[in-house]
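First comes the structure, then the notes that go with it.
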Amino acid sequence: MGIRGLYEIGTDDGNIGPGVFFIPRRRKHTLPHEVLAVIFTFAVAQHGHDEPGFLVKHPSMTITHTCRRWREVALATGNLWTDIVLTFPISNEQLSRTVTWLLRSKTYLLDILLDFRDPDWDWEDEDTHGFRWADMEAVLQLLLPSAARWRTFELRTDTWAPIFVFLLHTRKVGSSLRTLEKLHLARCNTYFASKGRLFEPVMLRQHLPLFGGEQARVPRLREVMLTGVHIDWSAPPRMNLTKLELKYQAADVMPTVAHFTQILAASPNLEVLEIVGSGPQFTAVVDGASSIATHGEGGEADGRALRGTIKLARVTRCTFGFVDVNYAVQLLALFNLPALRELSLQDVSASLRHQPPDDAGLLIDWLVTNADATHGTSISPHDAVGSTSACTSRLPLRQLRTLSLHAIYAARTKFARLYEASSGLTALCLYDVCDGALEALEGDVVPRLETISACGVDEELFTHAVERRGAALKSTYLEESHQTFYRKLDRT
Ligand SMILES: *[C@@H]1O[C@H](CO)[C@@H](O)[C@H](O)[C@H]1NC(C)=O
């Protein structure tokens, strides 16, 4: 007799391998140390990085507090100690625990999560926030010596100062970040994405180079998420990304179209692109006044000249969130995404201005008439980025499988056109949309639809729309108001 079960363990190259374990029941303590260590590793890998009470309930702590032998084995097993988490308010206990974990983790790669948001902060004055410049310096002093072991790094703040300190003090470690795979910097304040809002605090507006800029070596960095965080866009590290997110930025600190294009051209393997709020600047904002940007021959204000100049052959998933419909059209026209399968369109102005969203009819018309311009040549997924052969905007609606619409308001006929053009859809998500989006789902539109989910829409209309489609359609209805929906967005 014994214990039988399945385990999954992380291997050195990051793969998860399934296996079977069998523990013979004999005398106490006959389980070899190595097997015990594998089981502990399994327990830790199952634990979510972001669960509430993460530290108190961390399995490594439970294991070390069980018995002397377990403690000895656990302390000798470096990969049980690689989750480095610090949260507001920072205590000496947290700092000393971090020192201990960094030591115990030996040479294993680290997953770092720093969450310095204060749920009680009033959003008024950044200087009154409880997490300050000096606190961030103290944290970095502990973490920087292990920069060569960072695998994932996530920093969430309410205010700008800690992000500034991070960018300032990581300028020198650009040559050590050889194992970094994922970076997420978030100043979680959606306010700056509002139309016409400029970056604050002005004193710290300076564009600091990420990890020191072009000299940085980040060969394994694949995912970069910048939420309300700007860097020196003209000299980013050389990054070969599969995922890029730019969200909730103030428009005046965003890159010019030329720099934006360069950044994307450096990542021909990009698969996921999310832009919410402000994207690149077609015109530069100088001291609050608009002027035509001088970068790029011919002037970037002329959107037509730039149509389809950003070709990303492998992008399958794309999210565009906008505060201005005209800007959204200008931005989308830059792209040629021949492999697109999932598209999400979000009007974020409603959540920011607390008023109804703009009429997105213009955007839908543009998508339907221009975005799917077919040209005889077939596009191989290996075509170079920005190749000049096919400079046509292209967001092929016909091959979309998933479409998500968030707070999109337009006439019912516009939605009908959109659905007709997206005839291959198998999944549709409608969040906080107007009634027309549901009413347009009649007859035989989107015949291959398999799932539909909705949130914050009229329940009766939704039920009718689902019933009209027959029993094969799987539907999910979530009752949530705008407020909860966006609060959730803000906090993720
Ligand atoms: C870029 O990343 C992909 C995997 O995401 C990899 O296959 C490719 O070799 C990388 N290219 C360079 C130049 O490092």
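Counting convention: from 1, in listed order, for ligands and their atoms alike. Since we're looking at a predicted model, the values are computed, not measured.
Of the candidates L264, L334, N336, N336 is the only one forming a side chain to side chain contact (heavy atoms under 4.5 Å, CB included) with K311.
Using a 4.0 Å threshold on non-hydrogen atoms, atom 7 (O) of ligand 1 does not count as touching the protein.
T64 has its side chain within reach of W81: a pair of non-hydrogen atoms, C-beta onward, lies under 4.5 Å apart. L367 places a side-chain heavy atom less than 4.5 Å from the side chain of L345.
Taking a 6.0 Å sphere around NZ of K243, one finds it holds more than 12 heavy atoms contributed by other residues, nucleotides or ligands.
N240 ND2, 2.4 Å is the protein heavy atom nearest to atom 10 (C) of ligand 1.
Ligand 1 has a nitrogen or oxygen under 3.5 angstrom from a nitrogen or oxygen of R222.
Closest non-hydrogen pair, A193 versus V323, comes out as O-CG1, 3.4 Å.
Per-residue contacts place N269 under 4.0 angstrom from the following atoms of ligand 1 (heavy atoms of the residue considered): 1 (C), 2 (O), 3 (C). Of all the atoms in ligand 1, the ones that sit under 4.0 Å from a non-hydrogen atom of T242 are 5 (O).
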